[in-house]
Amino acid sequence: MQVVTGISILNGIAIGRIRIYKAPEFKINENIVDDPDLELERFEQARVKVQNQQQVLYEKAVKSAGEESAGIFQFHMDMLDDDDLLDAVKSIIEEQHHSAEYAAQHGFDNVAQMFRDMDDPYFKARSADVIDVGNSVVSVLLGLDADSLQGTEPSILVADDLAPSETVRLDKSLLLGLITKEGSSTSHTAILARSMNLPTLIQCKDVSDDWDGKLAILDGYNSCAYIEPTKDLLDSLTKKRNEDLSQKALLQELKGKSSTTLDGKTVRLFANIGGPEDVGSVQMNDAEGVGLFRSEFVYLNSPDDPSEDAQFDAYKRVLETLAPKLVIIRTCDIGADKTIDYMHLDKEDNPALGYRAIRICLTRKDFFKRQLRALLRASAYGNLGIMFPMIISQRELRECREILEECRSELIAEGKAVADNIQIGIMVETPAAAICADTLAEDVDFFSLGTNDLTQYTLAIDRQNAKLEPFSDTHHPAVLKEIQMTIEAGHRHGCWVGICGELGADPTLTETFLRMGVDELSVNARSILPLRKIIRSVDLSKPEEE
């Protein structure tokens, strides 16, 4: 058995024979041509034909992967109208007297290299899109069949790399999984693979042509592939794959249905996300909104302090894509176990009780205002909720709201659009917030219970200390009592109350939370449909079983 590793694009198991994918090679004549005008005409005809092909691929991608993922083919069509790119190709024909296919290959390659030379990973990844379009034009000029060499049996496809157009052309009924030697997690091929729910492994450097026809297991959970696996491993991962297939069946069964108990109580099921890259899982798992966008990941994934515009772009993308669904964005929760070098935070003996979250924001107001301005600007593009973390007093909450209103006034004075109906809430994640929930509810639209920290602070157990795990009880009566107190206090003041910590996804507590009166559960996207199934089986009119 051979074990190879790579970068997993999507958790999942694929089992089947390997098919080595080889794209057709171009044999381009480098001779000088006698009639450049004829070559210009040939190039123009090929350009129009490829634009039409991209329109077909766009429509196919919309059906198989969704409109957002299909946007790459609109980008391809626009690229074929780009004057700078077209002039680069035409110049090679007119000035150097080369053939249309030679000019197309070299012209598109030159533009692709420009993208490769950029520092931004996103723009680097766009070089593959330029090459993809150029290859499509060259294929038409050479009269080659652009269809994939996929074979006729279901297989795990292995390639050096795949362009977006190649990925979309693949017959999904014959596609079990993808393994590529190259590739980028930000490429549109990766985005399409995620949207198509296809187990995919990229940057697998040990790819070999010798694998063709061999049995393999692609294990997206562990970012590896097993070539000619042992029987025990095959049996074990076949079982895991079947569990995944059952989950997919659940998706089809429950997608679009309400999360309503047998006696008529409806609870909203939202998803927790870390950034724009998680939007696909929100849609795929039928989340009704986002209950926790951990905005600190925008900071953690940036080499330096992200600008207002950079943050705005990230928030806008999520809000615009998911509109009109509610997206609750938590302001930066840096500190404790989440540290960033460029923020120059002092080392603390007990960081969980230290300088973190709202305590940083209220003492670094320029830093805080930059984020609030980005959030307010993004609010014009969707349905935004803003949530402040680690609030323990009404004074802190009111100071946050004052700074928010100051930012709103500034933006309006600058002529920038800001939504009027932004919901404001706080994380309830300390005993202080739970005990003072009646007071805090006077200034918010909602509470969201952060049960991870609430458990830590209530039990005086450091959640990062593995030695204390035997002493930690996430179902401790004190924790559950604080959750109950918070829900009741919120409802007394017209606030809705959700849970966005790990306990929200605990199926053994779902009925308990429903009986407490929780209005929303925000969980990892894969937990949404299993929870919906549980909710739809509960009858709150009957006593809870012991």
Side-chain angles (χ1 to χ4, degrees), residues 292-296 298-299 305-308 311-312 315 327-336 338 340 343-346 348 351-379 384-414 416 418-450 453-454 457 482 486 489-490 492-498 500:
L292 173 60
F293 180 153
R294 299 181 178 94
S295 71
E296 57 271 17
V298 174
Y299 296 81
D305 193 357
S307 67
E308 178 184 323
Q311 293 186 62
F312 163 71
Y315 307 146
V327 175
I328 296 173
I329 302 179
R330 178 175 70 188
T331 58
C332 188
D333 188 9
I334 291 297
K338 292 172 285 192
I340 300 175
M343 291 192 68
H344 306 295
L345 300 175
D346 294 333
E348 297 178 288
L353 299 180
Y355 188 54
R356 60 172 293 195
I358 209 64
R359 297 163 187 175
I360 293 175
C361 292
L362 291 179
T363 52
R364 299 188 182 189
K365 291 187 180 178
D366 288 344
F367 170 86
F368 193 27
K369 286 183 66 175
R370 191 157 55 247
Q371 179 173 37
L372 294 180
R373 283 175 57 92
L375 288 168
L376 289 169
R377 287 170 56 192
S379 71
L384 173 67
I386 296 176
M387 180 161 63
F388 302 117
M390 285 296 293
I391 294 291
I392 61 171
S393 70
Q394 192 174 45
R395 177 190 63 79
E396 290 174 343
L397 175 56
R398 289 184 173 175
E399 187 174 358
C400 289
R401 297 204 65 145
E402 286 171 5
I403 297 171
L404 181 67
E405 288 309 308
E406 181 182 333
C407 292
R408 180 191 290 273
S409 297
E410 289 176 1
L411 289 168
I412 291 173
E414 294 168 15
K416 293 185 169 64
V418 178
D420 295 324
N421 57 340
I422 301 172
Q423 294 191 50
I424 305 298
I426 64 167
M427 296 278 289
V428 175
E429 48 193 335
T430 65
I435 292 169
C436 296
D438 272 300
T439 302
L440 294 170
E442 296 174 6
D443 293 299
V444 295
D445 301 299
F446 66 90
F447 289 142
S448 189
L449 284 143
D453 273 332
L454 184 62
Y457 296 130
E482 287 171 327
T486 302
R492 278 194 292 271
H493 295 272
C495 295
W496 63 265
V497 183
C500 64

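Only heavy atoms go into these numbers, but all of them, side chains included; no hydrogens, no water, no symmetry mates.
Side-chain atoms of Glu405 do not come within 3.5 Å of backbone N or O of Arg401 as any donor-acceptor pair. With hydrogens and angles disregarded, a donor-acceptor distance shorter than 3.5 Å links the side chain of Ser379 to the backbone of Ala419.
A pairwise comparison of heavy atoms in Cys332 and Ser295 identifies N-OG, 3.4 Å as the closest pair. Closest non-hydrogen pair, Met387 versus Ile426, comes out as CG-C, 3.8 Å.
A 4.5 Å side-chain heavy-atom check between Thr430 and Leu454 finds every atom pair outside the cut-off. No side-chain heavy atom of Leu375 sits less than 4.5 Å from a side-chain heavy atom of Phe312. Contact annotation: the side chain of Leu411 approaches that of Arg377 to within less than 4.5 Å [non-hydrogen atoms, C-beta and beyond]. The shortest side-chain heavy-atom distance between Val497 and Leu449 falls under the 4.5 Å cut-off. No side-chain heavy atom of Val444 sits less than 4.5 Å from a side-chain heavy atom of Ile391. In this structure, the side chains of Thr331 and Ile358 come closer than 4.5 Å at one or more pairs of heavy atoms. Inter-residue side-chain proximity for Ile329 and Ile386 is flagged as unmet; no heavy-atom pair is nearer than 4.5 Å. Cys500 is listed as a side-chain neighbour of Met427, based on a closest heavy-atom distance under 4.5 Å.
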- Task: Show the numbers, then the answer: is there a salt bridge (Lys or Arg N to Asp or Glu O under 4.0 Å) between Arg294 and Asp333?
- Result: CA-CA 8 Å; Arg294 299 181 178 94; Asp333 188 9; over 6 Å; no
- Query: Can Phe446 and Gln423 be said to form a side-chain contact (heavy atoms from CB on, under 4.5 Å), step by step?
  - Reply: CA-CA 8 Å; Phe446 66 90; Gln423 294 191 50; 4.0 Å; yes
- Might you work through the side-chain contact (heavy atoms from CB on, under 4.5 Å) test for Arg370 and Asp305, ending with a clear yes or no? CA-CA 10 Å; Arg370 191 157 55 247; Asp305 193 357; 2.3 Å; yes
- Query: Glu414 and Arg373: salt bridge (Lys or Arg N to Asp or Glu O under 4.0 Å), yes or no, with the steps?
  - Reply: CA-CA 12 Å; Glu414 294 168 15; Arg373 283 175 57 92; 3.0 Å; yes
- Checking side-chain contact (heavy atoms from CB on, under 4.5 Å) for the pair Lys369/Glu410: CA distance, chi angles, key distance, verdict? CA-CA 11 Å; Lys369 286 183 66 175; Glu410 289 176 1; 2.7 Å; yes
- Query: Between Glu399 and Leu362, does a side-chain contact (heavy atoms from CB on, under 4.5 Å) hold up when you go through it step by step?
  - Reply: CA-CA 8 Å; Glu399 187 174 358; Leu362 291 179; 4.0 Å; yes
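Surrounding NZ of Lys416 are more than 12 heavy atoms belonging to other residues, nucleotides or ligands, all under 6.0 Å away.
Ring planes of Phe388 and Phe368: perpendicular class, angle over 60° (limits at 30 and 60°).
When only modelled atom types and interatomic distance are considered, Tyr315 and Gln371 share a side-chain donor-acceptor pair under 3.5 Å.
The one candidate from Glu296, Glu429, Arg359 that meets the side-chain contact (heavy atoms from CB on, under 4.5 Å) condition with Pro389 is Glu429.
A salt bridge between Asp438 and Arg492 is present, with a side-chain N of the basic residue lying under 4.0 Å from a carboxylate O of the acidic one.
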